[in-house]
Amino acid sequence: MAGRGPGEPPDWALPSWDSVPAEREDVPAPSPRVPATPPGTFGIRILGVSEVTRTIRGAVRADPRLTDLWVEGEIGRVTISSAGHAYFTLKDERNQLQCVWFRDDRQRSAFEAQAGLRIVAHGRIDLFEPQGALQLYVESIQPSGLGDLTLQFEALKARLAAEGLFGAERKRQLPSRPATIAVITSPSGAVWKDICHVLARRWPLTRVVLVAAQVQGEAAPASLVGAFRRIERYAAAQVAAGRADEAPVLTILARGGGSLEDLWAFNDEAVVRAVVAHSLPVVCGVGHETDVTLSDFAADVRAPTPSAAAEIVVPDQAELLAVVRAFGRQLDTTAGLRIRAVAREVAAERRALDRLSPSAQLTMARERVGLLLDRATRATRDRTAGGRLVVDRLARRLGPTLPARLAADRVRVARSGAMEPIVARRLGGARASIGSAAAALGVLGPQATLERGYAIVRRAADGSIVRDPAEAPPGSKLALRVARGELPATADPR
């Protein structure tokens, strides 16, 4: 014992199945070693240890009383291995029995093995050959003192489970927000008030129908079965009357806590079969959290308490309100983003329309005219300044020679005095020609044409002259130039 670490099983205990090599039946067992008979033994047969243990194991397994039995005793020291298996001794006043409880069976049990606890263990006797240990392989345990009711409970549970009444594949989903709920319980107990309080707090929109039944005593099983039938008849009547929303959509089977005898009606086979055959999903909330009945296994959902059953079947209005508010905030955010995006698009379109309006076009044209005028003014001023520079430069160059050249030119002009009559005649003839040409030009000019009653038609938008009616579609703004002013006009439809 000193060489064994903490949490390890004792020397006599059976190790986990994954650490023991399986015995292959297709390989013949080694024949026992039969040593040579020593002198003086007269043919006595000496057996090997393995042969003896196999013989004992065969004898134990051949006894039907040891393959399925219930053993009552007090638990001694308990050891839990690293694999989760429990090893303990079950003892009375004179003897003790080594027990092995594998992890999977332990996890399914409502009770835990504790030193000093008096229990009833269910399992089988077998021999662990490598160590020659005869031990009880435990399948389930329960506190001692429950008597025949416990045995009846386990036997009925095993039989109904074999029929598939407790299978997970037949469990039905509960409706998310039931409009009407039927409750099978005693109307005089606190369970009915607790269920109504929980339903009113969590989901007050639910309508609750009480189906009174006895939940304890000899008449309780028949009363419970009759309650299930009354619910089905009531639901069918509501649907036939056109009030399907008032028909129950699920049933709560509820009762307060009590002893195994008090809750025995919910272990009755007729009640269990009524739960399974019920047309509506069934939520079983019987007893306290540690109480387990066969109706819990048969129901679609098991609740630890009646109040917990009421909480399971309806949503919490506070949680749903929080979800709705969260969706509302998300909707406000999304709508605000969409509205702002559309507003930006409308503003962009408005700016585009403003740029294309006639007043904007006229303003832009005026700005362009102003810019061009400024450029022309600057160009003229620069050209004038440049011409002055050239004149000044030429004046500086001609200054020294100009007086002499002027004197020479005066002499030349004086000499050409004889040319004055000829020049005068020439100038007179030229003036006469210019006058006649000016008179002819005046007759052919646009002002003379306007004086005769004609008009010049221009488009008001760009000032271009309209020579063809196609250039001025209906509705176009026009400007009519006459001899002494300008008139506005609009092109009418033809």
Side-chain angles (χ1 to χ4, degrees), residues 1-25 29-30 32 46-151 153-155 157-158 292:
M1 300 295 289
R4 189 171 66 252
E8 295 296 326
D11 295 336
W12 52 265
L14 174 66
S16 58
W17 289 113
D18 52 3
S19 62
V20 179
E23 180 177 338
R24 295 178 54 186
E25 297 185 1
I46 301 176
L47 302 178
V49 175
S50 298
E51 185 176 6
V52 174
T53 55
R54 280 197 298 271
T55 302
I56 296 174
R57 183 191 67 178
V60 170
R61 294 183 176 178
D63 190 344
R65 297 173 299 173
L66 302 179
T67 57
D68 186 7
L69 72 163
W70 297 80
V71 183
E72 182 178 4
E74 180 183 341
I75 297 178
R77 185 174 59 88
V78 180
T79 302
I80 306 298
S81 70
S82 58
H85 310 315
Y87 303 90
F88 58 91
T89 58
L90 198 60
K91 59 185 180 179
D92 56 13
E93 294 78 5
R94 294 185 301 273
N95 300 304
Q96 65 179 10
L97 178 64
Q98 312 297 341
C99 300
V100 179
W101 197 12
F102 291 120
R103 180 187 63 185
D104 295 340
D105 295 327
R106 282 183 60 229
Q107 292 177 345
R108 288 193 296 266
S109 175
F111 306 100
E112 186 60 74
Q114 298 179 5
L117 180 67
R118 190 167 185 82
I119 65 166
V120 175
H122 176 241
R124 60 183 175 84
I125 298 292
D126 205 345
L127 181 73
F128 181 48
E129 292 186 60
Q131 296 180 1
L134 191 69
Q135 48 196 12
L136 174 65
Y137 292 89
V138 179
E139 295 180 0
S140 63
I141 67 171
Q142 50 195 335
S144 179
L146 300 181
D148 294 338
L149 290 182
T150 302
L151 299 179
F153 179 90
E154 292 295 335
K157 175 184 175 183
V292 180

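Because the structure is predicted, anything quoted here is derived from the model rather than measured.
- The shortest heavy-atom contact between C99 and L90 is SG-CB, 3.7 Å.
- Shortest non-hydrogen contact noted between L136 and G123 is CD1-C, 3.9 Å.
- Between I80 and A86, the shortest heavy-atom distance links the atoms CD1-CB, 3.5 Å.
- The side chain to side chain donor-acceptor pair (under 3.5 Å) search around R61 returns D126, not counting sequence neighbours.
- Rounded to the nearest 0.5 angstrom, Q135 CD and L97 CG are separated by 8.5 Å.
- R118 CZ to E72 CD: the interatomic distance, rounded to the nearest 0.5 Å, is 4.5 Å.
- With sequence neighbours excluded, no residue satisfies salt bridge (Lys or Arg N to Asp or Glu O under 4.0 Å) with R103.
- Using a 4.5 Å cut-off on side-chain heavy atoms (C-beta onward), V138 and F88 make contact.
- Among residues two or more places apart in sequence or in another chain, the salt bridge (Lys or Arg N to Asp or Glu O under 4.0 Å) test is passed with D104 by none.
- Listed by chain and number, the residues in a salt bridge (Lys or Arg N to Asp or Glu O under 4.0 Å) with R65 are D63 (sequence neighbours excluded).
- Residue H122 forms a side-chain contact (heavy atoms from CB on, under 4.5 Å) with just one option from Q142, E139, E154, and that option is E139.
- Residues passing the side-chain contact (heavy atoms from CB on, under 4.5 Å) test with L134 are V60, I125, L127, sequence neighbours excluded.
- Scanning for side-chain contact (heavy atoms from CB on, under 4.5 Å) contacts around N95 gives D92, with sequence neighbours left out.
- Scanning all heavy atoms of the two residues, the minimum distance from P64 to A62 falls at CD-O, 3.2 Å.
- Nearest heavy atom pair, residue V78 against residue A115, reads CG2-N, 3.9 Å.
- Shortest non-hydrogen contact noted between T89 and Q98 is CG2-OE1, 3.1 Å.
- Judged by distance alone, with hydrogens and angles left aside, the side-chain atoms of R106 form no donor-acceptor pair with the main-chain N or O of W101 at under 3.5 Å.
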